[in-house]
Amino acid sequence: MMKVTYLGHSGFLLEMEHIYCLFDYYKGGFPKWDPDKKMVVFVSHAHYDHFGKEIFRLRESFSEICYILSSDIDPSEYAHAGFSPCSDIISMGPNEEKDVFGIKVRTLRSNDQGVAYLLHCGGRTIYHAGDLNWWHWEEESEVFNKMIRRTYQSEINKLQQEKIDIAFVPVDPRLGEQYCWGIDCFMKRTDTKYVFPMHFWGNYDIFDRLMLEKCTETYQDRIMKIEREGQIFLIEA
């Protein structure tokens, strides 16, 4: 059993038997912790809506904690908290692999900034996209949008051999009618049991829109509907 708590925007807390994984927290309250568990904090990139400095306070709550930060984050962002890359922090760039507290962590290259994370832990596979997405902006040139499409599809293709239990994938309403291109490509090219749409800027109506899209018909039962911050999901895997 895995417990997923939605913290807001792209922030999620994943709890397993002996460990927590905190992804892209930037605002809101923390739930109650079990201090006897280990904690791994993931930050996909330096954008303010994915990197809340409050995460460094968690060192006070856990005796075993590790921060995995994308390499685009300047060390000055955490040096003031007494951290260095050789202590509690691991810096990861694209296409790297690390083993942390028994979790095999692999990164993909974001086509925006930073990385996406793929985790293997206890027979489960977890994916958090960060800002890796099919960012089709009408105001951008055809050349730019074609480049984004190609880079996104290229990265997602790297996941085709994976059996993913839980995925966190952007559905940004600022993209207009193209908001669902990224999640649709992801779900049709990967073997994913459950997907949590994210990065929807508090627009919870996006879930009703997804259910009306013809392209989502084959995987609507695998879309986890988020209705509020702090919402908890129990996932059997």
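This one's a predicted model, so the numbers in the text were calculated from it and none came from an experiment.
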Please say yes or no: joined through hydrophobic side-chain contacts below 4.5 Å, possibly via intermediate residues, are [X] and [Y] part of one cluster?
X	Y	answer
Ile148	Trp137	yes
Met224	Trp201	no
Met211	Val169	yes
Ile232	Tyr6	no

Quiz prompt | Trace of the side chain to side chain contact (heavy atoms under 4.5 Å, CB included) decision for Ile68 with Lys98 | solution = CA-CA 10 Å; Ile68 300 183; Lys98 301 285 185 182; 5.7 Å; no
With side chains defined as the heavy atoms from C-beta onward, is the minimum distance between [X] and [Y] less than 4.5 Å?
X	Y	value
Met147	Thr151	yes
His136	Arg149	no
Val41	Cys66	no
Ile73	Val43	yes
Lys193	Ile166	no
Ile156	Gln153	no
Pro170	Ile183	no
Ser91	Ser71	yes

To the nearest 0.5 Å, how far apart are [atom1] in [X] and [atom2] in [Y]?
X	Y	atom1	atom2	value
Lys53	Tyr25	NZ	OH	13.0 Å
Phe12	Thr5	CZ	OG1	10.0 Å
Leu210	Ile223	CG	CD1	5.0 Å
Glu64	His18	CD	NE2	12.0 Å
Ile103	Lys38	CD1	NZ	9.0 Å
Asp24	Phe51	CG	CZ	10.5 Å

Ring centers of [X], [Y] separated by less than 6.0 Å:
X	Y	answer
Tyr179	Phe200	no
Phe186	Tyr127	yes
Phe23	Tyr117	no
Phe196	Phe233	yes
His9	Tyr26	yes

Is a side-chain N or O of [X] found less than 3.5 angstrom from the main chain of [Y], in a donor-acceptor match?
X	Y	result
Asn133	Trp135	no
His50	Gly11	no
Ser154	Arg150	no
Thr190	Gln160	no

If the threshold is 4.0 Å, N to carboxylate O, is there a salt bridge linking [X] and [Y]?
X	Y	value
Lys146	Glu140	no
Asp165	Arg124	no
Lys158	Glu155	yes
Lys188	Asp184	yes
Lys27	Asp49	no

Quiz item: Would Asp112 and His45 count as having a side-chain donor-acceptor pair, cut-off 3.5 Å?
Solution: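 No, because no side-chain N or O of Asp112 sits under 3.5 Å from a partner of the opposite role on His45.
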Quiz item: Side-chain donor-acceptor pair under 3.5 Å between Ser70 and Asp72, yes or no?
Solution: yes
To check you understand the geometry: which heavy-atom pair defines the closest contact between [X] and [Y], and what is its length?
X	Y	value
Met39	Leu58	CE-CD1, 4.5 Å
Tyr204	Ile226	CD2-O, 3.3 Å
Met92	Val115	O-CG1, 4.0 Å
Gln113	Ala46	NE2-CB, 3.8 Å
Pro94	Thr107	C-OG1, 3.4 Å
Leu7	Pro31	CD2-CD, 4.3 Å

Practice problem: Determine, step by step, whether His120 and Leu118 satisfy the side chain to side chain contact (heavy atoms under 4.5 Å, CB included) criterion, reporting the C-alpha distance in whole Å, the side-chain angles of both residues, the deciding distance to 0.1 Å, and the verdict. | Solution: CA-CA 7 Å; His120 293 99; Leu118 184 72; 3.8 Å; yes
Exercise. Can you establish whether the number of heavy atoms outside Glu177 located under 6.0 Å from its atom CD is more than 12?
Key: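 Not more than 12 within 6.0 Å, no.
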Exercise. Take atom CD of Glu17 as the centre, draw a 6.0 Å sphere, and report whether it contains more than 12 heavy atoms from other residues, nucleotides or ligands.
Key: yes
Self-check item: Derivation of the side chain to side chain contact (heavy atoms under 4.5 Å, CB included) call for His47 and Asp131
Solution: CA-CA 9 Å; His47 288 169; Asp131 267 358; 3.4 Å; yes
Quiz item: So Tyr67 and Phe56, ring pair (Phe, Tyr, Trp, His ring centres under 6.0 Å) or not? Walk me through it.
Solution: CA-CA 9 Å; Tyr67 295 84; Phe56 296 118; 5.3 Å; yes
Quiz item: Taking the inter-plane angle between the rings of Phe30 and Trp33 on a 0 to 90° scale, is it parallel (under 30°), tilted (30 to 60°) or perpendicular (over 60°)?
Solution: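 Tilted.
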Practice problem: Dump the intermediate steps for salt bridge (charged side-chain N to carboxylate O under 4.0 Å, His left out) on Glu162 and Arg106, then the final yes or no. | Solution: CA-CA 12 Å; Glu162 301 285 347; Arg106 172 185 162 199; 3.3 Å; yes
Exercise. Would you check, one step at a time, whether the test side chain to side chain contact (heavy atoms under 4.5 Å, CB included) holds for Arg222 with Met187?
Key: CA-CA 9 Å; Arg222 291 179 277 157; Met187 291 300 289; 3.7 Å; yes
Quiz item: Is Lys225 positioned over the aromatic face of Phe207, cation under 6.0 angstrom from the ring centre and no more than 45 degrees off axis?
Solution: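 Judged by the rule (NZ or CZ under 6.0 Å from the ring centre, within 45° of its axis), Lys225 is not positioned above Phe207.
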